[in-house]
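Have a look at the structure below, then the notes.
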Amino acid sequence: MIVIYHQNNNVVEVEGNEKHIVFFQKNIAKTLFEMVASYPNELILWCHVDLKSDLNLPALGTVFHHNKILASFNPFQNSFLSEAVGYIEESPFTKINKKVSYPTWQMSSHVGGVHSSVLLALKDNVREIKNFDYFLHSMAKLAMPHGLLCYSEPLLLKNLSYQIPKSKNDTFTLFRFVKEHYKTRWVILLFLNFFLYERKVTIFPLLFSLFYSQKKLRNNLLNEIQVQSVKKVVESGTIDVIIPTIGRKKYLYDVLKDLSQQTHLPEKVIIVEQNPNPDSISELDYLTNEIWNFEIKHIFTHQAGACNARNLALAEVKSEWVFLNDDDNRFDENLLNDVLSNLNKYGINVLTTSYLQTNEIKRVNVAYQISFFGSGNSFIHSSLLNKVRFNNKFEFGYGEDSDFGMQLRNQGTDVVFIPDLEILHLKAPIGGFRTKPVLAWSLDKVQPKPSPTIMLYKLLHLNEKQICGYKTILFFKFYKVQSIKNPIKYFISFKKQWERSLYWANQLKNQE
């Protein structure tokens, strides 16, 4: 383990195995690469010299449990980039929960670390610029989509009882970062949002940013780095499967057959069958007419709704892991066995698989931290189930999957996508006895835009600037598909629809 101590963006000391190491660079980024040349198989840490006594060395094995992790921690509220980055990115990685380990590309110079093998792989693809915070943000933003798992990690520090000079948010730096790490149109949108919501004319930062070109990493750059977590997340390896279903008898039968042929069988399959007809009975006769090589827990309810159905099923889970499945999925006989192997390989508690439809082409081939969550193709450690549930306020709307994923992240649990694990989503026709619910806003004279459940998700999980940025994008997207082409009339109409969406979202948010 090598620790680089720094102050005022300059290296002041380097230690390894409790010995001082000679260094030749004051530039922190250059010193990182100087160290990996001599120590190609070590954990490389950086730490502000004022935090030296609070560096939590015993926790490093927990934080860096495999070689493809970049972690840091900023103990202060402000970040290197201002919250205005939310104007152009509404992903979960922007608004950081500092109380838990949280996935983000927003790294900090205060304290952090990464394995030498990562730096060696990136050496010729990231610039060793003087501003270390910018260097870390850039490296994480570029490498995260290529499989580097990046976290804000409070475990890196034991205590904080002093003050370090806080970095100043710089609009020029923000525009430069956006130009170098996003498509050019996002710089224009950032400029527009500053004007719309803060009445700032950021013309000089905009012009300044145009002198920079977009940065990209070569594909497969990190593929040679071996991943094998030292965490033991799989003990018994037992799996329960939950399946909400409504009117898809034939498709559900195929799902059960796929489960019955697994090389690693599930312990129990929990089926929640819904039929809103009060006189109806179950149509799933094969649950009792056939012999299955796992336990089946069948719940029949007249209450429709996927959120309610999944929560009923999750309450019945007893195994170590739960597979959130759907009633129109297909998968091969090795799925559950391969899932357990990957859970152990990455040391993770939530895993999402590839979920392509028929004839759809897989475009991502690297395991990485995703911004979404799939309620029909994910595996979760059951210890998390007493902390999260599907929010019934999203019932019959959109956003319950994303909300569930955010609940997991705010509990300190990352959502990692493994593309090699494949589930085919048939997108079966809707069952014949489904009824379209009458939502509270259905009869509104001014129909809300966006859907109030989408707005509810934004209010619960995004910051103010992210919501503003989303509003601007929606304004332009919706203009293309609606009938009002007069820009002034459209603006007035859009404003009214947005306000109705906010009203109903707050009604949902405040309801018991």
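No experiment lies behind these values; they were computed from the predicted model shown.
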Is the centre of the Phe177 ring less than 6.0 Å from the centre of the Tyr134 ring? yes
Donor-acceptor contact below 3.5 Å, side chain Lys362 vs main chain Pro419: yes
Judged by atom type as modelled, is there a donor-acceptor pair below 3.5 Å linking the side chain of Glu90 to the main-chain atoms of Ile467? no
For the residue pair Ser209 and Lys179, what are the closest heavy atoms and their distance? O-CG, 3.1 Å
For Ser236 and Glu320, does a side-chain donor sit closer than 3.5 Å to a side-chain acceptor? yes
Would a distance-only check, ignoring hydrogens and angles, find a side-chain to backbone donor-acceptor pair under 3.5 Å from Gln466 to Asn463? yes
Exercise: do Ser375 and Asp401 side chains pair donor with acceptor under 3.5 Å: yes
Among side-chain atoms of Asn410 and Tyr102, is any donor-acceptor pair under 3.5 angstrom? no
Sole candidate of Cys150, Ser79, Ser138 that passes side-chain contact (heavy atoms from CB on, under 4.5 Å) when paired with Met107: Cys150
Whether His461 and Tyr457 hold their rings parallel, tilted or perpendicular, with breakpoints at 30° and 60°: tilted
Does one side chain, of Asp133 or Ser109, offer a donor that lies under 3.5 Å from an acceptor on the other? yes
Minimal non-hydrogen separation, Trp321 against Ile348, with atom names: CH2-O, 3.6 Å
With a 4.5 Å heavy-atom cut-off, do Leu206 and Leu190 have their side chains touching? no
At their closest point, which heavy atom of Pro154 faces which heavy atom of Val100, and how far apart are they? CD-O, 3.4 Å
All heavy atoms of Asp328 vs all of Val255, minimum pair found to be N-CG2, 4.2 Å
Between Ser378 and Thr352, do the side chains contain an N or O donor and an N or O acceptor separated by less than 3.5 Å? yes
Could you check, using the six-membered ring where one of them is a Trp, whether Phe208 and Phe175 have ring centers closer than 6.0 angstrom? no
Answer yes when Lys95 and Glu83 have at least one side-chain N-carboxylate O distance shorter than 4.0 Å, and no when they do not. no
Are the side chains of Glu13 and Lys52 in touch, meaning some heavy atoms are under 4.5 Å apart? yes
Under 4.5 Å between any side-chain heavy atoms of Thr413 and Arg409, yes or no? no
Side chains of Glu333 and Thr263 only: does a donor on one sit below 3.5 Å from an acceptor on the other? no
Gln262 and Phe294, any side-chain heavy atoms less than 4.5 Å apart: no
Can you tell me how the ring of Phe323 sits relative to the ring of Phe331, calling it parallel under 30°, perpendicular over 60° and tilted otherwise? perpendicular
Nearest atoms (heavy-atom pairs only) where Lys215 meets Leu142: O-CD2, 3.5 Å
Strictly by modelled atom types, are Asn334 and Asp338 linked by a side-chain donor-acceptor pair under 3.5 Å? no
Hey, do the aromatic rings of Trp46 and His6 have their centres closer than 6.0 Å? no
Looking at side-chain heavy atoms only, is the closest gap between Phe33 and Glu128 below 4.5 Å? yes
Side chains of Thr31 and Val14: does their closest heavy-atom pair fall under 4.5 Å? yes
Are a donor atom and an acceptor atom from the side chains of Asn377 and His425 found within less than 3.5 Å of each other? no
Leu340 and Val234 have their tightest heavy-atom pair at O-CG2, 3.9 Å
Would the distance check show the side chain of Glu42 and the main-chain N or O of Ile44 forming a donor-acceptor pair, the cut-off being under 3.5 Å? no
Please find out if less than 6.0 Å separates the ring center of Phe80 from that of Trp105. no
Would you please say whether a donor-acceptor pair under 3.5 Å links the side chains of Tyr182 and Glu89? yes
Is it the case that the side chain of Gln411 and the backbone of Gln407 share a donor-acceptor pair, with hydrogens and angles ignored and the cut-off at 3.5 Å? no
When you measure from the side chain of Glu34 to the backbone of Ala29, do you find a donor-acceptor pair of N or O atoms at a distance under 3.5 Å? no
Going by distance alone, is a donor N or O of one side chain under 3.5 Å from an acceptor N or O of the other, for Thr472 and Asn193? yes
Between the side chains of Asn10 and Lys130, does any donor sit under 3.5 Å from an acceptor? yes
